[in-house]
Q: 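Here it is, the structure in full.
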Amino acid sequence: MEYDFRSAESKWQKAWEDQKVFEAVDFSEKPKWYGLVEFPYPSGAGMHVGHIKAYSSIEVLSRKRRMQGYNVLFPIGFDSFGLPAENYAIKTNTHPHVITEKNIEHFTSQLKSVGFSFDWSREFATSRPDYYHWTQWIFLQLFKHGLVFRSKTLVNYCPHCKVVLSNEDSQGGKCDICHSDVVQLAKDVWFLRITDYADKLLEGLKDVDYPDSIKQQEISWIGKSTGAFVNFSLKDAEEKLEIYTTRCDTLYGVTFMVVAPEHPVLDRYKDRISNWDAVEAYRKESARKTEFERTQINKDKTGVRIEGLTAINPITGKEIPLFISDYVMMGYGTGAIMAVPAHDQRDYDFARKFGVDIIPVIEGGDIEKEAYTGNGTMINSDFLNGFTNKRDSIARMLEELEKRGIGRRGVQFKMKDWAFNRQRYWGEPIPLIHCPKCGVVPVPEDQLPLELPPVENFEPGTDGKSPLAKIDSFVNCTCPKCGGAAKRETDTMPQWAGSSWYFLRFCDPHNETAFADRKKLDYWMPVDHYNGGMEHVTRHLLYSRFWHHFLYDIGEVGTPEPYAKRTYQGMILGSDGEKMSKSKGNVIDPVDIVKEYGADTLRTYVMFMGDYGSAAPWSDESLKGCKRFLDRVAGLTEITTADQENAKLESSVHKTIKKVSEDIEHMKFNTAIAAMMTLINEFYKAGSITKSDLINFIKLLSPFAPHLTEEIWQHIGMNPDGKTFLTVAKWPEYDEAKTKDAVKEIGVQVNGKVRGLVELPVDCSKEEALAAAKADENVAKFLKEGNLVKEIYIPGRIINFVIKK
RNA sequence: GCGGUUAUGGCGGAAUUGGCAGACGCGCUGGAUUUAGGUUCCAGUGUCGCAAGACGUGCAGGUUCAAGUCCUGUUAACCGCACCA
């Protein structure tokens, strides 16, 4: 068959679109299937090959589901708020809206050229008011339920981007956008209380089908630990200093305390601290350090002893010294610790440097050399002496602490509340109003969307305020509560806000009276299969699960978890094995590939290049191999000349249907394609095939190479009216009986080494099998070398003779 | 330091879960077609060996009739978190 992919691909894309083949129908007799991919940020650079790989898995599954008779929702939209558009706007003095819409248009045509079967009728962009109306609405619900709060605390601040960042956006002490070092600044910040949902986010993982690697990463990010809060008295003071510990049973070994430099207790006792100058100098120094310096260059412990304040070990009553040191973080626990130098290496290092006592309370190790962190019998610990099990001694101590009223059981999370405001223009305005009389007042829901006002200059202010702060007409407003003069919040939401609920909007994208109709949500949700990048596990995935759990709690959605199943794709590396980057010059533009080799070749190659979840380098040669395969598929029409089904070929076809069907389900796309390559090799070897063989073959290939197979389908007369598409034809079924061979060639081993091959009926008896094996000349030769002591026959697998020499 | 993942030809990777290691593709070698290059087609291709055969899944042991797969120890690489009390 003559096949020109350039004309055929655009022809079929148009035909599918005209006939609305991929539009999902709300409510249907068919079973529903909701497949989701992470909607793209419409960057000016356009589509990346990574997008192709990320989307192709759900694309293939969606196409297969349609052929299997499902009502499929496979939507796409744009996550279009964000810094790149804004920075570009600053550079070129163009409105980010204009740039964004232009990029969306460009991205749309690129995505369409690959032939993805998205339901474009549901497309939306998070930066359009009809969408962010509802992002703001959900924010107001969070506010009304006490999950939004403002607090002046130390936050991650990027001096380059001039924005406050969430913990998730500053992992490793680097700004996620520009990779500058993040500094700690005390700022007034809006937080979302994601920590209130820490337990639910942890528990919810038990009910979803995510790979362990994803679950583990979420679990460690949430970082739940159980332990105890213990109150330490300060000598001659009312105040108690509370600490958090996971090993309260080592309390007898506590010989000093350390508080974080930022700990507020110090200010309250300023007058009593005789070396206040030294304390303050140390505080200033650690404040100046970046997160990187504080955590990475930390081998040498530094600190200052606080003169004039003494703590008391609540269990022994002994006086112990108090220090400040930046190895204690204000952001975890209470910002103060009890130090057990005998059994914690950090405390040990500190104690050695500052000459504090080291009292062992667990037997074992060599305290002269290092802290002992292993298990052992409790010593020097009064009522705990003799305990050998950590769990028992902790339980016993907790009991004692509670009895004496000096401590209690407690839980801590590493995860922090979500810093939710950005001092930038291109994001959802936070719908809150500051009223001098009423305090913080939410914008009434009927006034949503609170639209972004036009701005002349997108540059963030040097005063750490958003560009919106410069627009008087936006800032000045009346308080919805008292009607007095008030000021609007001028910060916007972070980039992650819009994507925290977008999968819900796809269920009802044009709704003007609600974020989505509840009946439609109940029909489509949860997402059956969500594929995306590993880099979103501790951000988008966590954030969106949080919002969904919240919406569930307030009765807006029907399930706590939004995604029934989550998978991820491995990265496509440059052909040099390095991560693709402009500076390395190893970037592959998928649009170039579509133009030169066709969308089908690109799609097939991306799915064939290796294990879906693993990184794999790009190879032009392998890509050409896939093109060759598809050309051979096009050539199949030439050999579709047989009238009679060849039994052997028929069996191969059925085996392949089974293999491809199962492999797609398990996301083993590479072996699915390999099986089709094997089959086509058999086809050509046989010389001729039947029309039925061809139809089954193109059906299997259709999800991967939809254009070529659609063209063949028409070519062989299966689409007479131009509307009977292969794309929605019935997925082939296999006959289990025909996938089973009557005879099978199996290996014959002597002492575990293969010495021959015999062809045997699958159901043949042990006697027959062994006889046939022994008849093999080479096997017989090896059997002569010793006495036969054992005969093993596993039908269909192996024969093994054990001989003794 | 903690958690996770991985290690198989020249390369990307297979192996129905303990049963013929290297499917499929790339590359390479030889041949055919072609004026040549490219394309296409045929044959070959783990290593050593003329062969018989021996060896072979990071390394060292072990279990088993049989180990890429299970167990013990070990090394390396990658990813995530990290002074988390």
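First the proteins, then the strands, lettered A, B, ... as listed; each starts at 1.
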Q: Side chains of A:Ile194 and A:Met415: does their closest heavy-atom pair fall under 4.5 Å?
A: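 Side chain of A:Ile194 against side chain of A:Met415, heavy atoms only: contact under 4.5 Å found.
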Q: Applying ring-ring contact (aromatic ring centres under 6.0 Å, His included), name anything that partners A:Phe5, two or more places apart in sequence or on another chain.
A: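 ring-ring contact (aromatic ring centres under 6.0 Å, His included) check on A:Phe5 returns nothing, list empty.
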Q: Checking A:Phe608 now: which residues fulfil ring-ring contact (aromatic ring centres under 6.0 Å, His included) with it, not counting sequence neighbours?
A: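 Here no residue qualifies.
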Q: Please enumerate all residues that pass side-chain contact (heavy atoms from CB on, under 4.5 Å) together with A:Gln345, with sequence neighbours excluded.
A: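 Residues passing side-chain contact (heavy atoms from CB on, under 4.5 Å) with A:Gln345: A:Tyr348, A:Asp349, A:Glu370, A:Ala371.
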Q: OP1 or OP2 of B:U16 less than 4.0 angstrom from a side-chain nitrogen or oxygen of A:Lys658, does that happen here?
A: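 Checking B:U16 against A:Lys658, no side-chain N or O comes under 4.0 Å of OP1 or OP2.
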Q: Return the set of residues passing side-chain contact (heavy atoms from CB on, under 4.5 Å) with A:Met609 (not counting sequence neighbours), or none when no residue passes.
A: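 side-chain contact (heavy atoms from CB on, under 4.5 Å) check on A:Met609 returns A:Ile572, A:Tyr605, A:Ala616.
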Q: Taking side-chain contact (heavy atoms from CB on, under 4.5 Å) as the definition, give me every residue that meets it alongside A:Ser688, ordered by chain and number, with sequence neighbours left out.
A: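 Applying side-chain contact (heavy atoms from CB on, under 4.5 Å) to A:Ser688 gives A:Thr641, A:Ala642.
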Q: Is the base of B:U40 syn or anti, if syn means a glycosidic angle within 90° of 0?
A: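 Anti, since the glycosidic angle lies more than 90° from 0.
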Q: Residues in ring-ring contact (aromatic ring centres under 6.0 Å, His included) with A:Tyr612, at least two apart?
A: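 Listed in chain order: A:Phe669.
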Q: Summarise protein proximity over nucleotides 24-34 of chain B in one line of letters, 5' to 3': B for base, S for sugar-phosphate only, - for none, counting protein heavy atoms closer than 4.0 Å.
A: BSSS-------
Q: List, with names and distances, any nitrogen or oxygen atoms from the protein found under 3.5 Å away from nitrogen or oxygen atoms belonging to nucleotides 48-53 of chain B.
A:
| residue | atom | partner | partner atom | Å |
| --- | --- | --- | --- | --- |
| B:G53 | OP1 | A:Asn778 | OD1 | 3.4 |

Q: List the residues meeting side-chain contact (heavy atoms from CB on, under 4.5 Å) with A:Gln217, not counting sequence neighbours, and say none if there are none.
A: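 Partners of A:Gln217 by the side-chain contact (heavy atoms from CB on, under 4.5 Å) criterion, ordered by chain and then number, come out as A:Met534, A:Val537, A:Thr538.
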Q: Please convert RNA chain B into dot-bracket. A pair counts if it is Watson-Crick or G-U wobble with both distances under 3.5 Å; crossing pairs go in [ ] and bases paired with another strand get |.
A: (((((((..(((......[....)))((((((.......))))))(((....)))..(((((..]....))))))))))))....
Q: Distance check: side-chain N/O of A:Tyr244 vs OP1/OP2 of B:A85, anything under 4.0 Å?
A: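 A:Tyr244 to B:A85 OP1/OP2: no side-chain N or O under 4.0 Å.
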Q: Applying ring-ring contact (aromatic ring centres under 6.0 Å, His included), can you list everything that pairs with A:Phe801, at least two apart in sequence or on another chain?
A: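 For A:Phe801 there are no ring-ring contact (aromatic ring centres under 6.0 Å, His included) partners, ignoring immediate neighbours.
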Q: Which pairs, protein N/O on one side and nucleotides 17-20 of chain B N/O on the other, fall under 3.5 Å?
A:
| residue | atom | partner | partner atom | Å |
| --- | --- | --- | --- | --- |
| B:C20 | N4 | A:Glu745 | O | 2.7 |

